[in-house]
Q: 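The structure is given below, and queries will be raised subsequently.
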Amino acid sequence: MAIYLTKESKILVQGMTGAEGMKHTRRMLAAGTRVVGGVNPRKAGRTVDFDECAVPVFGSVREGVEHTGADTTVVFVPPAHAKDAVVEAVDAGTALAVVITEGIPVHDSVALTAYAAARGTRVVGPNCPGLISPGRSNAGIIPPDITRPGRIGLVSKSGTLTYQLMHELRDIGFSTCVGIGGDPVVGTSHIDCLAAFQDDPDTELIVLVGEIGGDAEERAAAYIRDHVTKPVVGYVAGFTAPEGRTMGHAGAIVSGSSGTARAKKEALQAAGVRVGDTPTETARHVVAVLGGTAPDGAAR
């Protein structure tokens with residue numbers, strides 16, 4: 001099994017005909033993803049050839065859903081138009097909207113996530129790498145060839161750290177990897193993914209990657225303590241961040257001791273989570289908990 005994204009997921013790409021949309025649609029198709037259409041009102045009725053696959057372009061998400069039965073959309077739309085793109089996807093009845101776009105104004109992110117939540121559409125992102133169920137489907141920009149299917153569920157604020165841990169733990173593999181994004185407002189939280197992984201019979205261990213700023217990791221720690229019975233291994237980026245300086249993602253805002261890497265690590269450890277000080281040490285913890293063999297060059 002997997003969470004949110006399966007082999008049966010049918011995906012529309014909003015902004016498919018742009019440079020980024022084209023590049024990543026090609027990669028998604030190469031990974032076996034069922035990309036059933038693109039959306040661009042100015043190019044409706046055309047098809048785009050990706051190697052041996054011809055993908056139709058629709059004038060709207062609703063038209064794409066009606067013709068293909070799509071249930072998921074991946075959004076490669078410029079920041080100024082991203083809110084309208086998500087609203088359009090929600091109104092068309094898609095179950096999942098993966099918003100890759102970064103730089104969306106916070107008030108637009110608040111509006112689009114609230115609109116989607118009220119109408120039953122899950123938003124992953126914005127400003128995220130998307131999600132992948134290795135060997136099944138890939139919605140977004142995560143490289144599909146750095147890991148394989150396996151027993152680990154991964155939820156991460158950081159795209160780069162998602163890729164690194166996927167690679168370091170490639171010999172064990174992953175059920176689903178979800179990059180939730182690091183903006184102050186996102187549609188899917190650590191807690192949402194923890195709950196889904198807890199219910200997924202094929203996920204044996206959960207890796208949670210956080211970063212300095214906010215209190216999402218502290219809230220996740222409380223949820224783990226009360227609701228998660230599977231082992232959780234964590235990593236918090238930002239131990240070497242200079243004191244008093246905002247760094248990285250827009251959500252990485254530290255106020256006093258609140259939101260620091262150390263405070264987050266302590267909260268997670270108090271909930272029974274093994275926390276690594278580096279991504280490689282985090283991978284070692286995973287190997288130790290699962291009792292497996294360390295991948296070459298990584299978790300030793």
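What you see is a predicted model, and the numbers here were worked out from it, not measured in a lab. All heavy atoms count here, side chains included; hydrogens, waters and symmetry mates do not.
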Q: Looking only at side chains, do N40 and T17 share a donor and an acceptor under 3.5 Å apart?
A: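 Yes - a donor-acceptor pair under 3.5 Å links their side chains.
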Q: Going through the checks in order, is the side chain to side chain contact (heavy atoms under 4.5 Å, CB included) test met by K7 and S137?
A: CA-CA 5 Å; K7 195 173 183 66; S137 190; 5.8 Å; no
Q: Rounded at 0.5 Å granularity, tell me how far CZ in R27 sits from CG in D145.
A: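 Atom-to-atom, R27:CZ and D145:CG are 7.5 Å apart.
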Q: Can you measure from SG (C128) to NZ (K157) and round to the nearest 0.5 angstrom?
A: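 The distance works out to 14.0 Å.
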Q: Would you say Y115 ends up clustered with V124 if hydrophobic residues are merged whenever their side chains have heavy atoms under 4.5 Å apart, either directly or through other cluster members?
A: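 No, because V124 and Y115 fall into different hydrophobic clusters, even though each may have its own neighbours under 4.5 Å.
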Q: When rounded to the nearest 0.5 angstrom, what is the spacing between NZ in K10 and OG1 in T73?
A: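 Spacing of NZ (K10) from OG1 (T73) equals 15.0 Å.
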Q: To the nearest 0.5 Å, how far apart are CG in L131 and CD1 in I180?
A: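 That separation rounds to 12.0 Å.
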Q: If we only count heavy atoms from C-beta on, is the L12 to V61 side-chain gap below 4.5 Å?
A: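 SC-SC contact between L12 and V61 confirmed.
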Q: Where is the tightest heavy-atom contact between V55 and G37, given as atom of each residue plus distance?
A: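 Smallest heavy-atom distance, with atoms named: CG1-CA, 3.5 Å.
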Q: Is any side-chain heavy atom of V209 less than 4.5 Å from a side-chain heavy atom of L154?
A: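 Side-chain contact under 4.5 Å: yes.
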Q: Hey, which of T188, T113, T72, T94 is the one that makes side-chain hydrogen bond (donor to acceptor under 3.5 Å, both in side chains) with R122?
A: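 That would be T188; it is the only one of T188, T113, T72, T94 passing the side-chain hydrogen bond (donor to acceptor under 3.5 Å, both in side chains) with R122.
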Q: Between I11 and A139, which heavy-atom pair has the shortest distance, and what is it?
A: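 So the two residues come closest at CD1-CB, 3.9 Å.
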Q: Measure across K230 and D200 and return the closest heavy-atom pair with its distance rounded to 0.1 Å.
A: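 Smallest heavy-atom distance, with atoms named: NZ-O, 2.5 Å.
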Q: Flag the pair E218 and K264 as a salt bridge only when some basic side-chain nitrogen lies within less than 4.0 angstrom of an acidic carboxylate oxygen.
A: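 K264 and E218: salt-bridged.
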Q: Between E88 and S60, does any side-chain donor sit less than 3.5 Å from a side-chain acceptor?
A: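 No, S60 and E88 have no side-chain donor paired with an acceptor closer than 3.5 Å.
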Q: State yes or no: do L5 and I152 share one hydrophobic cluster built from I, L, V, M, F, W and Y residues joined by side-chain heavy-atom distances below 4.5 Å, directly or via other members?
A: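 Yes, L5 connects to I152 through the hydrophobic network.
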Q: Before accepting this row, confirm whether a basic side-chain N of the pair D51/R26 lies closer than 4.0 Å to the acidic partner's carboxylate O.
A: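 Yes, D51 and R26 are salt-bridged.
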Q: For a side chain to side chain contact (heavy atoms under 4.5 Å, CB included) with S109, tell me which candidate from V99, I104, V86 qualifies.
A: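 Among the candidates, only I104 passes.
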Q: Measuring only between side-chain heavy atoms, which start at C-beta, is F76 closer than 4.5 Å to T101?
A: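 No; the side chains remain at least 4.5 Å from each other.
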Q: Can a salt bridge be assigned to the pair K265 and D277 using a cut-off of 4.0 Å between side-chain N and carboxylate O?
A: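 Salt bridge between K265 and D277, a charged N being under 4.0 Å from a carboxylate O: yes.
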Q: Might you work through the side chain to side chain contact (heavy atoms under 4.5 Å, CB included) test for V155 and V207, ending with a clear yes or no?
A: CA-CA 6 Å; V155 52; V207 175; over 6 Å; no
Q: Which atoms form the tightest heavy-atom contact between R219 and I191, and what is the distance?
A: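 So the two residues come closest at O-CD1, 3.7 Å.
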Q: Check the hydrophobic clustering (I, L, V, M, F, W, Y; side-chain heavy atoms under 4.5 Å; chains of links allowed) and say if F197 and L161 are grouped together.
A: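 In one cluster: yes.
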Q: Are I141 and L29 linked, directly or through intermediate hydrophobic residues, by side-chain heavy-atom contacts shorter than 4.5 Å (ILVMFWY only)?
A: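 Same cluster.
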Q: Nearest 0.5 Å, please: how far is CG in D199 from CG in L194?
A: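 Here the interatomic distance stands at 11.0 Å.
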Q: Looking at side-chain heavy atoms only, is the closest gap between V273 and L208 below 4.5 Å?
A: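 Side-chain contact under 4.5 Å: no.
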Q: Write down the atom of A283, the atom of E168, and the distance for their closest heavy-atom approach.
A: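 Scanning both residues completely, I find the closest heavy atoms to be CB-OE1, 3.8 Å.
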Q: I'd like to know whether V286 forms a side chain to side chain contact (heavy atoms under 4.5 Å, CB included) with L205, so could you lay out the CA-CA distance, the side-chain angles of the two residues, the decisive distance to 0.1 Å, and finally the verdict.
A: CA-CA 8 Å; V286 172; L205 177 145; 4.0 Å; yes
Q: Would you kindly check if the NZ (Lys) or CZ (Arg) of R225 is within the cone defined by 45 degrees around the ring axis of Y223 and under 6.0 Å from the six-membered ring centre?
A: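 No; the conditions do not both hold, so R225 does not lie above the ring face of Y223.
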Q: Minimum heavy-atom separation for R170 and T147, please, with both atom names.
A: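 Minimum heavy-atom contact is CA-OG1, 3.6 Å.
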Q: Does Q198 CD have over 12 foreign heavy atoms under 6.0 Å away?
A: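 Counting other residues, nucleotides and ligands, CD of Q198 exceeds 12 neighbours.
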Q: Just how far is it from atom SG of C193 to atom CD1 of I206, taken to the nearest 0.5 Å?
A: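 Taking SG in C193 and CD1 in I206, the distance rounds to 9.5 Å.
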